[in-house]
Amino acid sequence: MDILNDITVICFSPTHTSRTIAEAVAAGMNGKPGGTDGHAGASQQIRTVDLTLDRSDSPITVGAGETVVLGTPVYAGRVAPEAVRRLRRIQVAAGASVPAVVTVTYGNRDYEDALVELYDLAVSLGLSPFAAGAFIGEHSYSTPEMPVAEGRPDTLDLADARIFGGECARKLDSPGAFAPFHIKGNRPYKEVKHSGNQIVPETADDCPLCGECVRVCPTGAVSIDLNARKVLTDPALCIRCCACVRACPAGLRTYTTPFTAFLHEHCSARRDPETFL
Ligand SMILES: Cc1cc2nc3c(=O)[nH]c(=O)nc-3n(C[C@H](O)[C@H](O)[C@H](O)COP(=O)(O)O)c2cc1C
Ligand code: SF4
Ligand code: SF4
């Protein structure tokens with residue numbers, strides 16, 4: 001690899017954990033503090049293309065001299081469908097070979113087939129994935145009363161992500177960097193049964209209508225009815241990502257699902273990142 005390759009993080013990350021991980025991997029590739037295995041002193045530029053709030057159709061072109069780090073959340077053991085839709089906008093410039101690291105972040109239950117799915121998506125977009133990692137982030141449905149992977153990614157996770165980034169940089173410099181490698185997961189991917197879930201986050205009556213939940217919603221599902229002085233949520237657009245719940249400065253937006261208690265009870269034992277190179 002030309003070690004002066006610039007690094008482009010491309011992510012979809014409603015509650016920011018997937019972006020945090022992908023950026024830590026990129027920092028490790030670049031030998032930033034904590035990524036002691038990377039190219040210390042290397043001078044790559046790192047830029048982030050965060051597609052969470054970008055609902056446009058405009059292409060995201062990547063080309064020669066770039067290495068891409070993809071970061072998406074796991075939903076139901078697969079890549080979040082909204083992430084798949086947005087990443088499909090990536091276009092590799094004609095004739096360019098663009099190395100890619102694929103990362104998924106999941107809420108301490110399991111990532112099942114998401115990492116192979118993201119790898120396959122990268123290949124189908126014309127990228128050249130050569131490393132993959134599954135990391136842990138606080139579960140979207142975690143609450144203060146019933147936490148699930150609370151506070152993750154934490155300092156240990158970020159150190160692991162940066163170390164992985166260093167390993168990625170070294171692999172890119174080695175002969176045979178693009179040889180086939182094993183990634184945990186199944187093909188065909190697990191089927192996701194659509195539950196017909198119509199539950200959406202709710203807003204308490206004393207909401208001051210600050211509009212933050214409207215701003216952070218990736219799908220435009222939230223609006224404010226000024227006449228009724230109410231926050232409205234469109235169940236057909238809502239992907240239950242909980243970005244609005246996390247972002248509400250007054251703690252007045254909540255999402256109540258029986259799944260939270262299940263996760264709290266059964267998925268609290270700490271899981272560690274898994275990487276494949
Ligand atoms: C609809 C939905 C489905 C999810 N499914 C899973 C899952 O199958 N396994 C898991 O461990 N976490 C699951 N999660 C939790 C997220 O993967 C996790 O919280 C992740 O860190 C969110 O990424 P983000 O911060 O980039 O939005 C799910 C979250 C949502 C909203
Ligand atoms: S972010 Fe919270 S306080 Fe602001 S409008 Fe939404 S629910 Fe109301
Ligand atoms: S309304 Fe639904 S899609 Fe929008 S931020 Fe909230 S949970 Fe996510």
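None of these values were measured; they are calculated from a predicted model. Whatever order the structure lists them in is the order used to number ligands and atoms, beginning at 1.
At most 12 non-hydrogen atoms from other residues, nucleotides or ligands lie less than 6.0 angstrom from CD of E191. More than 12 heavy atoms of other residues, nucleotides or ligands sit less than 6.0 Å from atom NZ of K184.
Residue C241 has no N or O atom closer than 3.5 Å to an N or O atom of ligand 1. Geometrically, ligand 1 and E138 share a nitrogen or oxygen pair separated by less than 3.5 Å. Looking at ligand 1, you won't find any N or O of I239 less than 3.5 Å from one of its N or O atoms. When only interatomic distances are considered, the shortest N/O to N/O separation between R240 and ligand 1 does not fall below 3.5 Å.
If you look at L209 next to ligand 2, the close heavy atoms, those under 4.0 Å, all belong to the backbone. Only the backbone of H16 comes within 4.0 Å of ligand 1, judged by heavy-atom distances.
Considering only non-hydrogen atoms, atom 12 (N) of ligand 1 lies nearest to G107 out of A243, G71, G107.
The hydrophobic cluster analysis finds L237 isolated: no Ile, Leu, Val, Met, Phe, Trp or Tyr side chain comes under 4.5 Å of it, directly or through other members.
Interface of N108 with ligand 1, defined as ligand atoms under 4.0 Å from a residue heavy atom, comprises 11 (O). Atoms of ligand 1 lying under 4.0 Å from any heavy atom of H139, numbered from 1 in the order shown and given with element: 12 (N), 13 (C), 14 (N), 15 (C), 19 (O), 28 (C), 29 (C).
Considering only non-hydrogen protein atoms, atom 4 (Fe) of ligand 2 sits nearest to C210 SG, 2.3 Å. With hydrogens left out, the protein atom closest to atom 2 (Fe) of ligand 2 is C248 SG, 2.3 Å, a heavy atom. The closest protein non-hydrogen atom to atom 9 (N) of ligand 1 is D110 O, 2.9 Å.
Placement of L127 and L121 within a single hydrophobic cluster is found when ILVMFWY residues are connected by side-chain heavy-atom separations under 4.5 Å, directly or transitively.
A ring-centre distance under 6.0 Å is found for F181 and Y119.
Within the structure, side-chain hydrogen bond (donor to acceptor under 3.5 Å, both in side chains) contacts touching residues 202-221 (residues at least two apart or in different chains) are T203-R253, E212-R215. Within the structure, the side-chain hydrogen bond (donor to acceptor under 3.5 Å, both in side chains) test picks out the following pairs touching residues 129-139 (sequence neighbours left out): E138-S142.
A salt bridge does not link K171 with E167: every distance from a Lys NZ or Arg NE/NH1/NH2 to an Asp or Glu carboxylate oxygen is 4.0 Å or more.
Listed by chain and number, the protein N, O or S atoms at a distance under 2.8 Å from atom 6 (Fe) of ligand 3 are C244 SG.
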